[in-house]
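To start, the structure itself, in structure tokens.
Every heavy atom of this structure was used, including side-chain atoms; hydrogens, water molecules and symmetry mates were not. These numbers were taken from a predicted model, which means no experiment stands behind them.
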Amino acid sequence: MTIEKVLIANRGEIAVRVIRTLRKDGVASVALFHELDRNSPYVLMADEAVELTGQSPVASYLDIAQVITACKNTGANAVHPGFGFLSENAEFARKLEAEGIIFIGPTPEAIAAMGDKVVSKKIASEAGVSTVPGLIDCVADAQRAVEVAADIGYPVMLKASAGGGGKGMRIATNEEECREFFERTTREAKSGFGDGRIFVEKFVSPARHIEIQVLADAHGNVVHLGERECSIQRRHQKVIEEAPSPFIDEKTRMQMGAQAVSLAKSVGYRSAGTVEFIVDGEQNFYFLEMNTRLQVEHPVTEMVTGIDIVREQLRIASGEPLGYGQEQIDFRGHAVECRIYAENADEGFTPATGELLVYREPSGEGIRIDSGITNGSEISSAFDPMLAKLIAYGSDRAEAISKARVALKEFVLLGVTTNTAYLERVLAHECFKAGDFHTGFLEEKVEALTKKAPSCVELAIVVAAAALSDPGFTDSRYVTAPHLAAIGEWSN
């Protein structure tokens, strides 16, 4: 079936990303927006835009009925869900299918199977994929959790079967913690996911978080596009990703790729998907979960393979075969992605809000910016704090890191606190440059990576430098009386 017009059931930078590929392919686009996003770049870029209403901004984007109505009213015959929101909602995919609207993603059955961590773990085990030691089933109560933990050996991870995005998990190091965390995680899982089922597995530490990108068509063809290293995390959420991993060797890479392909085939997968693994210091790897959507970090894979993953999603959803095999995928160079968050990384990653007064992207050879913001954008606490992604490509890892560091220093985001300086410090750390890190790296190096709050004089220097470099930089919102006083003090 030919895709003629695509409605993007998402917002921000991923909506911009999808629209760019649609434009290149000559496919019409429809944007959805809540009032808070009315003037966002993606809304202005789309060929058409439909306003959403709801009890909250997030609820608006989760309203399946409104999305389907928007498709009918605009004539969109396909939906790209991006990531987050409805992207892994099997019910949403089923309802689109019932309306004759193409879902640019996997089948509802695959989404449901992989969306349940216990079910997906069972399927993975049956497909010959290595799984984390533990009971491949949910535990009914705290006593049973303690019994399973005793058999596995502490530390253990308690996980919500329906969890995701780094939420619904806790590490227990003894029986007391296991009982307490079982109750707390269960309550949180019921509240956050509507599903209180919990399972227990061995906590592998120190460990790396490495994932494999797969593509599968409706004709039984499945390939992998190599791995992404995602171990630099805060609160179980990724901050910096890269491809390829500086840790695993070619033998492990081939084994992980083969197992990811095997899992995708076992569930009749279709579209782009990601199989996530935890990897110990000896390169033993274990299945964590499969994300049945486009990943935030997909650009690093695109950079090292030259494959537009969104375009492949569109082709697959149209019924086209991949048209190439595993041996035809060429991996070149190295790519690093930094997630730009509106947060104060030096104060416990606390979220930041406000008006983005000045926004200026870095540029240069090998630099890619995926962003959904611009000058004047209002950064709200209603949505995820990620503002943009900076991707740097080089012939090798050292060059990619160097380019990313320079670009971070050139990235101008004034008016809202962001983590750009923090990201640059992470990239500059000797252990990171040596590839010697794990999922607990940011917590382990917190003192080395945390910078004291700048003095008023230091802030004034930054403002003065910006004013000198931009004649139009005279708005009183930037240069305040305290800044002027500090500049005078500094000049003396």
> Could you go step by step and tell me if Glu229 and Ser231 meet the side-chain hydrogen bond (donor to acceptor under 3.5 Å, both in side chains) rule?
Replying inline: CA-CA 6 Å; Glu229 171 72 68; Ser231 300; 2.3 Å; yes
> Any idea how Tyr61 and Phe85 line up, ring-wise: parallel (<30°), tilted (30 to 60°), or perpendicular (>60°)?
Replying inline: parallel
> Should Arg184 and Glu188 be marked as a salt bridge (charged side-chain N to carboxylate O under 4.0 Å, His left out) after you check the CA-CA gap, both sets of side-chain angles, and the distance that decides it?
Replying inline: CA-CA 6 Å; Arg184 290 171 61 180; Glu188 290 175 2; 5.1 Å; no
> Could you walk me through whether Glu444 and His438 pass the side-chain hydrogen bond (donor to acceptor under 3.5 Å, both in side chains) check?
Replying inline: CA-CA 10 Å; Glu444 183 180 90; His438 50 81; 3.2 Å; yes
>> Just verifying a value: how many Å separate Phe83 CZ and Asn291 CG, rounded to the nearest 0.5 Å?
In response: 11.5 Å
> With ring centroids as reference points, do Tyr422 and Phe349 lie under 6.0 angstrom apart?
Replying inline: yes
> Do NZ/NE/NH1/NH2 and the carboxylate oxygens of Lys451 and Asp346 come within less than 4.0 Å?
Replying inline: no
>> For the OG1 atom of Thr53 and the NE2 atom of His34, what is their distance to the nearest 0.5 Å?
In response: 8.0 Å
> When rounded to the nearest 0.5 angstrom, what is the spacing between CZ in Arg315 and CD1 in Ile104?
Replying inline: 13.5 Å
> If we ignore angles and hydrogens, is there a donor and acceptor under 3.5 Å between the side chains of Gln233 and Arg235?
Replying inline: no
> Has the side chain of His209 got a donor or acceptor atom that lies under 3.5 Å from a matching backbone atom of Val279?
Replying inline: no
> Going by atom types alone, do His80 and Gln313 pair a side-chain donor with an acceptor below 3.5 Å?
Replying inline: yes
> Do NZ/NE/NH1/NH2 and the carboxylate oxygens of Arg170 and Glu183 come within less than 4.0 Å?
Replying inline: no
> Can Thr274 and Arg228 be counted as having a side-chain donor-acceptor contact under 3.5 angstrom?
Replying inline: yes
> Can you check whether Leu32 reaches Arg11 side chain to side chain, under 4.5 Å on heavy atoms?
Replying inline: no
> Can you tell if the side chain of Phe33 reaches within under 4.5 Å of the side chain of Tyr42, non-hydrogen atoms only?
Replying inline: yes
>> Nearest 0.5 Å, please: how far is CD1 in Ile171 from CZ in Phe203?
In response: 3.5 Å
>> With a 6.0 Å cut-off (strictly less than), is the heavy-atom count around CD of Gln328, excluding the residue itself, greater than 12?
In response: yes
> Which one of Asp141, Leu158, Val118 satisfies the side chain to side chain contact (heavy atoms under 4.5 Å, CB included) criterion with Ile198?
Replying inline: Leu158
>> Apply side-chain hydrogen bond (donor to acceptor under 3.5 Å, both in side chains) to residues Arg179 and Gln143 and explain how you reach the verdict.
In response: CA-CA 7 Å; Arg179 291 183 184 279; Gln143 179 57 38; 2.7 Å; yes
> Between Glu147 and Arg144, is the closest basic N to carboxylate O distance under 4.0 Å?
Replying inline: yes
>> Using a 6.0 Å cut-off, check whether atom CD of Glu250 has over 12 heavy atoms from anything other than its own residue.
In response: yes
>> Under the side chain to side chain contact (heavy atoms under 4.5 Å, CB included) test against Arg339, which residue among Asn419, Asp370, Val296, Leu390 passes?
In response: Val296
>> Any side-chain to backbone donor/acceptor pair from Asp37 onto Ser40? Under 3.5 Å, distance only.
In response: no
> Roughly how far apart are Glu201 CD and Ile152 CD1, rounded to 0.5 Å?
Replying inline: 8.0 Å
> So which of Thr186, Asp137, Asp116 actually passes side-chain hydrogen bond (donor to acceptor under 3.5 Å, both in side chains) with Arg197?
Replying inline: Asp116
> Atom OG1 in Thr301, atom CD in Glu337: separation rounded to 0.5 Å?
Replying inline: 9.5 Å
> Regarding Ser191 and Arg187, is there a side-chain donor-to-acceptor distance under 3.5 Å anywhere?
Replying inline: no
> Is the closest basic N to carboxylate O distance between Glu302 and Arg368 below 4.0 Å?
Replying inline: yes
> Are the charged groups of Glu126 and Lys121 less than 4.0 angstrom apart, N to O?
Replying inline: no
>> Is it the case that atom CZ in Arg332 sees more than 12 heavy atoms from other parts of the structure closer than 6.0 Å?
In response: no
> What class does the angle between the rings of Phe277 and Phe287 fall in, given that below 30° is parallel, 30 to 60° is tilted and above 60° is perpendicular?
Replying inline: perpendicular
>> Salt bridge check, Lys389 against Glu241: does any charged N sit closer than 4.0 Å to a carboxylate O?
In response: no
>> Using the rule given for side-chain hydrogen bond (donor to acceptor under 3.5 Å, both in side chains), can you reason through His224 versus Gln213, listing the C-alpha separation, both sets of side-chain angles and the distance that settles it, and then say yes or no?
In response: CA-CA 6 Å; His224 72 80; Gln213 175 73 63; over 6 Å; no
>> Between Phe441 and His429, is the ring centroid distance below 6.0 Å?
In response: yes
>> For a quick check under 3.5 Å, do Asp63 and Gln66 share a side-chain donor-acceptor pair by atom type?
In response: yes
